[in-house]
Structures are given as structure tokens and as C-alpha cells.
Amino acid sequence: MRRPGWHWGLFVLEAILRLAAAQDTTDVALVADALDLSPALVSSALEELTRQGYLRVVVTGCASPCAGCPSRAACLFGSSPRIWSLTPKGERLLAERSSREEGMAAPGRPTASS
Amino acid sequence: MSAEDRGSSGEAGRPLVVTLAGQPNVGKSTVFNLLTGLSQHVGNWPGKTVERKEGVLVRDAARVRIVDLPGTYGLTAHSAEERVARDFLIHERPDAVVMIADATALERSLYLLAELLVLPLPVVLGLNMMDVAEAEGLEIEPHVLEAALGLPVIPLVATRNQGVAELVAAARRLAREPGEFHPQRPEIAEPHRLVLARVEQLIHSRVPAPYVESWVALKLLEGDAEITDMARGWLSEADWTPVQAVLREHEDAVLDIASGRYEWIARMVRAAVTQPRLGQISLTERLDRVAVHPFWGMAMLLGVFAAVFWLTFGLAVPAQQWLDTRVVGGLQQVLVVALSEWPPLLVRLVVEGMLGGAGIVVSFLPILVVFFAVLAVLEDTGYLARAAFVMDRFMHLMGLHGKSFIPLFLGFGCNVPAVMGARVIDSATGRLLTVLLAPLVPCSARLMVLVLLSAAFFGKGAALVSWALVALNLLVLAVVGVVLNRGLLHGGQAAFIMELPLYHVPNARTIGLFVWNNTWAFLRKAGSIILLMSVVVWALGTFPGKGVEESYLAQAGRYLAPVGELLGLDWRMLIALLSSFIAKENAIATLAVLYGAQATAGGFTAAMAAAVSPASALAFLTVTMLFIPCVATVAVIYQETRSWRWTLFDVALLLVIALGAGAGVYHAAAWLALGVVRA
């Protein structure tokens, strides 16, 4: 998954958003490996991106809390891991940055084709 | 005021004010309690419901006022706690800030430090939980971090009161000599550095004290709502308009500001922290090299399923057979004698209907207990999350991207939340595709019926048969998903980032509770729906009283004879399939009641083996695994789609798939000479 020539430099969060937008479900460890970061830092960055509205934590679709769920006895995932997906705000940002990159070459900025 | 004069006071006449800051759960309260003891008092911040704690530390005859700020992750106004914290720092200007960080989660903790360093306040960093960090194999060099950060870094174990005196000394020293504070601050990326300078220029000399222009400009670029409202009030309309234009053009600046902080954090941690190469984290990395590999992960998943079934059948089948023949069969014989005074029909209802149906289901309890225990172990160790992740990657190989993940994740437990899991997908076609596919995920109810009936039909071959049918289920799921996605819905794509849990030793209590909850739920169902269904099936299979072959149920079942011929199933098995639509376990009870007349000394399993060929059994199980699991799933499909058209389409689609696959399996098995009853 590591891409040669991907100079994320100061653009950690944008790099993470691009990975979230890629057509492939991935996990924090793989993102960390691709960006040469620790998984803990990536998790922290994902929380920050969520606070800023570029990502959202995907609720696993359950409408009611576990305590009141009739399927609770059969549910195998009481402690399901966190899952994030790109929000429309995140998609707009990446689209804007991609079109801006096509207009100019910015040294050190990750591109979609990197 | 000279440094000496500030030895025991801040500005002339007042004690030094030292603030404790930090994220939640870093041990800040422990440090505060150690410093202030009984002198602390607790109240609320003015106009807020946020708790305020203050106290006094007396050290070397000097009084130091200690203010404990609420735990916050940053200083942007996302919450009341963050607003309270930064308002105090800006308006009260403490003489020093002591930031407590969790040494085991330094990357997360340092984000607050990055925000604190923007304010013109001296900061000391206390690295707490150093003992825990050491136990986890983390090697942190405080002096290296101190050199990199350019500020005092003090290692702490607050629970043992270690390092706290040094922390106070460093804070007092820094408060006395604030000119000695030269931290390495995070940088903002180059393009927005110029924009920041532009905003500072536009608000120059219009920011009232105690606010600092550079900090206000940064917060405006970050889109801080509270600061934006305040700045709008400080500037005239004419002065605000160009500021607003810059901010609108650079709405994404916050991303680069935060990125600069993360890059700074990564540099600091890389310099001073050595991650463990042994232990839980690297074990997870090593195992995941196989477990989430696109090919080996799938092989491992199939291997794990095989092991699940092998363990279940190997350990529990002997116990089940004993319960079936000795307990249920024995009880039937006892009741026949004990109830000899009762009307014969009533005796048959109790012995053949209730005990023959629901009782047989209960005899499968050992198999259920082992099955649930093994599943619980897989979930508690963290493996099931990998299973869903691998399935998703497999779906990608088939051309189906991302959408499958949530229902797969949930569907292994129950298809009802799996269908509801479609809500997380933004696109309408994506949601619909997910809803249509979710019932193909082998839920725990179907897996349980598979386990029970495989044991009844195939004995020692049950594990292999079960494994093969689950693999078939997953393959059908992938193929149907590709066909629907490409051919019918032309769906778009979605992707996720997930945080796989670390592998860990399963907790016996968690597993015990899971097994108990599921077993008890099964017993309750056996005592209600299954018992009722058993009685109904017995009654319809007995009356009008000329034998089971002439019963109402047989007459109804024979209408389905053409379907039965296709699948190699007689009317009894067809009725069992229909009854499973209400609850999957009903299939077992129905078979037990309808085949009960042929009961042998070997119990239910022997009776099934004597009456049903392997080919027919395979067909029956194939249809069970591929058809809609239950009426609750149909109800929730309608609820999510709000369309009878799509609901009935899905039911029809799965019926066609189930019958087609069942027929194919039957004829292939019969061709392989498995179409003869082995009696």
C-alpha cells in the first residue's frame, strides 16, 4: 500500500482523507504503514478529522442501544471496532484540492496519482 | 519585577498561579489531589455546569494557587469544557501551565500541547503513567523529548507520588523565569502560512486584550465559531468583509493547521519514543500479516470455520446422541407408561408432539453450547473483525466495493441488524444493494440449524459438510453481489477505514455470559414458539386420524410435490422448510415430529439417516442456508426499503437462488451415488 513518491510532508490529514476515499476498505494499521506513522497517531488523526466533520464514525446501523436490543443475545459484536467513512464535506474538500492541483503543481503536496 | 521577587508570587502581591491541563484520563486529578490535599475546593465555573477545582500548595513557605482545568482534547470551542479551559488561560494568564500527558498514549496527548504552545504561556510537560509505559515495553527518553520540545519534561508516576515534587519545582522555576521558555512550536503548512499572515494583518490592532492577535488569527482560520463571532464584533463591517472573504476562500485551512500539529507530534515522538517490538502490538501485526492478507486471510477464514465445526461436532455430538436416545427417548417411554390412564390421543400429543418435537431440539443443547463458546472465543480474541474485513476484500476482488462491509460485520450474528446496517450508506443504490444482500450472510441462527441437522444427517461427516455449505454461502453472496451491483443497480462505491482491535486473550466471563445468554434464549424459544409449532405440526400430521401419510399436512405437502421432486425432498422435508420461516429451529422440531413414527433405537439422528438420503439432506441444508432466514428479516427489509416491490423481489430472488442451488446440489450428489438412503 505504500506509494512511492507520496510526499505527505505536512499534509497528514489530507493523506488520510485520500486513503479513506480510495475504493478499498482499509484499517488503521495499513494506513499507518502507508504513511509511516504509528497506529496511535493515525487513530488520533481520525478522531480529529471526525471532530472537524470530514469523517464520520459509522454507527453499525443499530437503531437502539445494546441494552434494549432484542437481537442482543445473538449479536456477536457487542464490542465492535470503530469504523469511519468520508462525509460529503470530506468529499468536497478532496474534489476542490484535486482540481486545484490540476491547476498548479504544488511541491510536497500529495496528489491523487502519487 | 525581578525573578527573585517572583519567587513566591506572580505579579506583585498575588501568589503564583499554576494551572493543570490535560486530556481526560491522564491522571491530572491524582496530581491535583497530591498538590492540594485538603485545601482544595470544588465548585462550578461561572455560568457553566462544568466543575471547577482549585487549591493551594504551600512549598518553601510560598503559596501557589493550583487551578485544575477540565480535561480537554484541544482548545477549539467544540465543548463547554474546551471553552472554559481556554477562557481561563487567556483571561487569567496563569504564571505557568502544567500539562499532564499519558506516557502510554503520547501521540494523542501531545495534540493539546500543540494548541497550548500557541498561547504566550510557559508550559511544563508532566509525563504520567511512566510505570505503565515501561510495563508495555515503551522506551521514552524524557531528556530527548525535552530537547526536542524546548520545554521542561518531567517523568511521573502520580499514583506513587513520584516526580510530582520535580514537576512543581520546574513549574515554579519557569514561572519565575518566563524568558527562559523557548519551545519548538508546530508549524502551519507553507501556503496557509501566508494566509495566516494576511489575516493577522487584517485584524491588526483591532483585537482587544487579553486576546493575542496571532492566536485569534489562527482560530479564525480554523473556523472557530466563538472567536469568529467575537472578531465580527471587534471589527467594523468594512474591516470584517476582507477577513470574511479570506476565511471563505480558505475554509480548508483547518486541515493544514491540524496536519502541521500531527507532523510535529510525529517528529517529537519519533525522536524520544521507542515502540516495543515484543508484546501485544507486534503480535497483532504478525498475526494480521496472514489474517488480513487478501489470499491467506481468506484461506485462514475457511480454515477457522472448519475448525469451528470440527470442534463442535467432535466434542458435542456424543453428548447429543446420549441425550436424544437415553434422556428424550427414555422419557418418552416412561411417559407412555405413566400416562397410560390418559386418552391415547393426549398421550401421543405429549410424547410425539411436545416431547418428540421440542424435546429433540433441546437434546441438541450440547452442540449449541460448544458452538456458541467457540464463536464467542473468536469474537473476544478479536478475530471475527478480521473475518469480516477479509470477506470485504474478497468482495472487492469480485468487483463489489465497500458496501458489503457493515452487513457482513453484523450478519454473522443476526441478519436483522445487518439489513439495518444499510442506513450508514449515503447512496440510495448502495443502501438497496446492501439490504438485498444482507440475508445471504450466514447468520448464527442458520449456522446453528446447519450444525444441528448436519449432525443428524451426516454423523462423522458433519464437520466437512457444514464447512462446505458455509463456503458455498459466501461464494453465492459474492456472486450475487457482483451481478446485482453491475447488472441491476449500477451502484457506486464506498469505502471505510476501520480500527481492528488488538488480539487479546479471551475473557472467560465474557464467553460464559455469551454462551449463557444464547443458550437461555434458545431454551426460551424451545419452550414457546418451537413447542407451539411442534404441537401444530403434530396435530396437522395426525388428523384426520388415518395415519401421517393421509394427514392434513401430508395433503398440503403433496401440493408442493413438483418442487419436492426437483430438490429430492419428500413432503415432510418441504413442510419443515416452510415451518423454518417462522424460526429456523422449527425445521428440527418439524422433522422430529413428522419422522417420529419411524423412530429407532438410535433416536432422531438414526431415524433421519434411515429415512433421508445424503443427497436429499444436502439439498435440504442448501436451501436452509440460502433462503431468507426468518420473517423478522422480511419485515425489516420492508421497513428499510419502504417498498413491497423490492421486498418481494428479494424474497423471490433468494427463493430462486435457494431452490436452484438446492436442485443443483441434489442432482450432483445423486449423480455421485449419494441418492440412496443408507439404512
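Proteins get letters first, then strands, A, B, ... in listed order; numbering begins at 1 in each.
In this structure, the side chains of B/Glu251 and A/Glu96 stay at 4.5 Å or more apart for every pair of heavy atoms. Between B/Ser259 and A/Glu14, every side-chain heavy-atom pair lies at or beyond the 4.5 Å cut-off. Between B/Arg108 and A/Ser43 there is a side-chain heavy-atom pair separated by less than 4.5 Å. Contact check for B/Val254 versus A/Tyr54: side-chain heavy atoms found under the 4.5 Å cut-off. B/Arg270 is listed as a side-chain neighbour of A/Leu37, based on a closest heavy-atom distance under 4.5 Å. Using a 4.5 Å heavy-atom cutoff, the side chains of A/Leu17 and B/Leu255 are in contact.
Within the model, atoms CG of A/Leu13 and CG of B/Asp256 stand 8.5 Å from one another, a figure rounded to the nearest 0.5 Å. The distance from the OG atom of A/Ser44 to the CD1 atom of B/Ile265 is 6.0 Å, given to the nearest 0.5 Å.
The contact between A/Ala45 and chain B is made by backbone and side chain atoms together, counting heavy-atom distances below 4.5 Å. Both the backbone and the side chain of B/Tyr262 have a heavy atom closer than 4.5 Å to some heavy atom of chain A. For a residue to count as touching a neighbouring chain, one of its non-hydrogen atoms must lie under 4.5 Å from one of that chain's; by this rule B/Ala258 touches chain A with backbone and side chain alike.
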Q. Could you go step by step and tell me if A/Glu48 and B/Tyr73 meet the side-chain contact (heavy atoms from CB on, under 4.5 Å) rule?
A. CA-CA 9 Å; A/Glu48 178 62 25; B/Tyr73 290 101; over 6 Å; no
**Q.** Derivation and outcome, side-chain contact (heavy atoms from CB on, under 4.5 Å), residues B/Val269 and A/Leu41
**A.** CA-CA 10 Å; B/Val269 171; A/Leu41 190 73; over 6 Å; no
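Note on A/Arg92 versus B/Asp252: no salt bridge recorded, every NZ/NE/NH1/NH2 to OD/OE distance being 4.0 Å or above.
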